[in-house]
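Right, one structure below, let's go through it.
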Amino acid sequence: MPSLARWASDPAASRGRRHTETPAPTRNEHQRDRDRIVHSTAFRRLVYKTQVFVNHEGDLFRTRLTHSLEVAQLARSMARTLGWNEDLVEAIALAHDLGHTPFGHAGQDALHERMREHGGFEHNLQSLRVVDALEARYADFDGLNLTFETREGILKHCSRRHAELLCRDEPEGPAARFLRGEQPSLEAQLVNLADALAYNAHDIDDGVRSGLLATEQLEGALPLYRRLHEEALAEHPQLAGRRLLFDVLRRLIGALVDDLVHTTAKALEEAAPRDSDAVRRLPPLVRFSPALRAELDALQRFLLQALYRHPQVLRTTEHARRVVAELFDAYRDDPRLMPDDFGQRPDLERAVADYIAGMTDRFAQREHQRLTGTDLFAG
Ligand code: MG
């Protein structure tokens with residue numbers, strides 16, 4: 001690894017794992033985390049989990065797997081430029097969506113609704129549960145036994161109530177910062193913004209591909225998009241259709257990455273933290289410039305209105321909520337319908353939530369069809 005900036009997370013100075021292990025001979029601690037994540041069952045399931053479009057709507061839309069790979073690519077490339085820990089950002093990026101239910105946010109909302117009286121359901125907390133407890137592959141411990149730094153990056157948000165609960169078991173764990181009002185490592189902050197950068201760009205692509213968004217709408221509503229569109233045409237007047245869209249999106253990602261790297265480098269120069277720990281006690285240092293932040297917010301608002309709340313997307317969302325809610329009721333009423341390692345757990349509701357959260361879109365759909373006799377997504 002090229003030399004790290006003094007505020008980067010040094011794998012040799014990791015706060016370590018909950019269960020002590022002998023160091024790996026050929027890999028540093030964060031490379032080892034990344035490898036464990038890639039080999040996990042939850043990671044393989046990401047290929048059949050979706051965010052906006054359900055799998056059967058087409059083969060070319062993003063899934064959570066390709067989204068996670070795009071986030072990892074963007075975050076690694078920025079980390080390299082900034083002299084930060086590339087392996088750590090890769091590990092966090094590949095794990096950041098492991099706790100998502102089938103069918104994206106619709107699935108999560110339905111599960112949260114059913115879990116209201118039992119501690120609720122939140123995908124960030126679930127991602128941490130997956131790597132801390134639910135993966136069952138190692139002889140000596142449950143979960144993947146990842147380092148503190150990777151777990152800290154995975155736990156992106158956490159309510160005060162949940163942080164207090166988590167800190168009861170692990171007072172200096174990744175939830176402690178939410179009680180102290182501290183930031184995570186720079187690498188964690190970077191993945192967080194790389195996530196937003198990736199989905200904003202690829203949801204435009206998927207939105208246009210689906211026919212639910214027209215590029216004219218984007219040009220009309222978003223000055224940033226219009227500017228890049230004009231720039232692309234000025235350089236390549238013959239460009240049209242999807243190739244023009246790709247060229248604009250390439251410019252959009254480039255502009256966002258350049259701005260983020262530049263603004264962050266400047267913020268670090270001014271704050272001059274002594275080391276990676278000092279970063280945690282400062283305000284967030286990974287950021288876009290105010291001008292670009294405002295344009296990104298406008299893009300996010302646009303996508304919310306024009307795409308995520310498009311009637312066709314909402315219809316699928318409604319089906320997804322029903323599938324998850326009806327599965328929950330069926331398993332709660334008869335736990336024997338679940339595999340034994342879930343069906344025999346004493347914490348029944350949490351076991352049902354863990355089981356459903358682990359499902360892929362199509363498994364949930366088939367299981368729902370098997371248990372209720374209806375296929376909501378047919379036709
Ligand atoms: Mg994401």
Side-chain angles (χ1 to χ4, degrees), residues 1 4 8-49 63-76 79-80 84-101 123-156 158 166 169-170 172-175 184-192 194-195 276 341-342 354-355 357-360:
M1 193 172 358
L4 288 176
S9 302
D10 180 355
S14 168
R15 291 194 204 172
R17 304 171 190 278
R18 289 198 295 172
H19 306 274
T20 313
E21 294 185 61
T22 346
T26 56
R27 296 169 294 166
N28 74 40
E29 295 302 323
H30 298 134
Q31 289 171 331
R32 199 179 198 185
D33 281 357
R34 188 244 354 253
D35 297 349
R36 285 184 179 188
I37 292 159
V38 169
H39 288 275
S40 70
T41 307
F43 184 72
R44 277 194 302 285
R45 287 182 178 141
L46 293 177
V47 70
Y48 291 116
K49 288 193 182 202
T63 68
R64 290 214 179 266
L65 181 68
T66 57
H67 163 69
S68 300
L69 294 174
E70 289 182 32
V71 176
Q73 178 270 317
L74 287 164
R76 279 188 59 181
R80 188 177 319 159
W84 301 355
N85 183 339
E86 245 183 277
D87 300 315
L88 177 58
V89 296
E90 188 179 16
I92 299 171
L94 295 180
H96 87 282
D97 270 356
L98 290 180
H100 269 288
T101 60
H123 68 87
N124 265 291
L125 285 170
Q126 191 68 12
S127 296
L128 192 65
R129 264 176 83 67
V130 167
V131 300
D132 279 357
L134 295 175
E135 279 288 322
R137 343 177 46 84
Y138 293 88
D140 296 330
F141 44 79
D142 286 336
L144 304 177
N145 197 31
L146 303 179
T147 61
F148 170 84
E149 295 76 24
T150 302
R151 297 173 62 228
E152 171 193 51
I154 292 173
L155 192 61
K156 189 161 62 172
C158 187
L166 289 170
D169 285 339
E170 200 186 358
E172 290 305 309
S185 70
L186 290 171
E187 284 82 358
Q189 295 180 38
L190 182 64
V191 174
N192 198 359
D195 184 21
S276 64
D341 40 342
F342 293 96
D354 285 339
Y355 183 49
M359 293 179 180
T360 62

Derivation and outcome, side-chain contact (heavy atoms from CB on, under 4.5 Å), residues Leu65 and Phe43 | CA-CA 8 Å; Leu65 181 68; Phe43 184 72; 3.4 Å; yes
Think Arg36 forms a cation-pi with Tyr138, using NZ or CZ under 6.0 Å from the six-ring centre and within 45 degrees of its axis?
-> yes
Between Arg17 and Asn145, is there a donor-acceptor pair closer than 3.5 Å when you use the side chain of the first and the backbone of the second?
-> yes
Do Asn85 and Pro11 have side chains that get closer than 4.5 Å, going by heavy atoms?
-> yes
Please report the closest heavy-atom contact between Asp97 and His67, naming both atoms and the distance.
-> OD2-CD2, 3.2 Å
So which heavy atom on Ser185 is nearest to which on Glu152, and how close?
-> N-OE1, 3.4 Å
Sub-3.5 Å donor-acceptor pair from the side chain of Arg137 to the main-chain atoms of Ser40, do we have one?
-> no
Roughly how far, to the nearest 0.5 Å, is CG of Leu134 from OG1 of Thr41?
-> 11.0 Å
Walk me through it: do Asp140 and His19 pass the test side chain to side chain donor-acceptor pair (under 3.5 Å)?
-> CA-CA 8 Å; Asp140 296 330; His19 306 274; over 6 Å; no
Quick one: does Arg64's side chain get under 4.5 Å of Leu98's, heavy atoms only?
-> no
How close do Ser68 and Ala93 get, heavy atom to heavy atom, and via which atoms?
-> CB-O, 4.0 Å
Can you find a pair of side-chain heavy atoms, one from Trp84 and one from Val89, that are under 4.5 Å apart?
-> no
Please identify each residue that fulfils side-chain hydrogen bond (donor to acceptor under 3.5 Å, both in side chains) with Asp142, with sequence neighbours left out.
-> none
Can you tell me how far the CG atom of Leu69 sits from the OG1 atom of Thr63, to the nearest 0.5 Å?
-> 8.0 Å
Tightest non-hydrogen contact, residues Ile154 and Ser127, listed as CG2-CB, 3.5 Å
Rounding to 0.5 Å, atoms CZ (Arg76) and CD (Glu90) come to a distance of 4.5 Å
By salt bridge (Lys or Arg N to Asp or Glu O under 4.0 Å), which residues pair with Arg44, not counting sequence neighbours?
-> none
Matching residue for Leu94 among Asp33, Thr150, Leu46, Val38 - test: side chain to side chain contact (heavy atoms under 4.5 Å, CB included) = Val38
Side chains of Arg18 and Asp132 in contact at under 4.5 Å (non-hydrogen atoms) = yes
Salt-bridge test for Arg15 and Glu170: reply yes if a basic N is under 4.0 Å from a carboxylate O, no otherwise.
-> no
Heavy-atom closest contact (Leu125 atom, Leu166 atom, distance) | CD2-CD1, 3.7 Å
Begin with the C-alpha distance, continue with both residues' side-chain angles, and end with the deciding distance and a verdict on side chain to side chain donor-acceptor pair (under 3.5 Å) for Ser9 and Glu187.
-> CA-CA 7 Å; Ser9 302; Glu187 284 82 358; 2.9 Å; yes
Roughly how far, to the nearest 0.5 Å, is the CG atom of Leu88 from the NE2 atom of His30?
-> 4.5 Å
Under-4.0 Å salt bridge between Lys156 and Asp195 = yes
Measuring from Asp87:CG to Gln31:CD, what's the distance to the nearest 0.5 Å?
-> 4.0 Å
Report the C-alpha separation of Met359 and Thr101 in whole Å, then their side-chain angles, then the decisive distance to 0.1 Å, and conclude whether the side-chain contact (heavy atoms from CB on, under 4.5 Å) test is met.
-> CA-CA 7 Å; Met359 293 179 180; Thr101 60; over 6 Å; no
Would you confirm whether Glu29, through its side chain, and Ser14, through its main-chain N or O, come within 3.5 Å as a donor-acceptor pair?
-> no
Nearest non-hydrogen partners of Pro184 and Gln189, listed with the distance = O-NE2, 3.1 Å
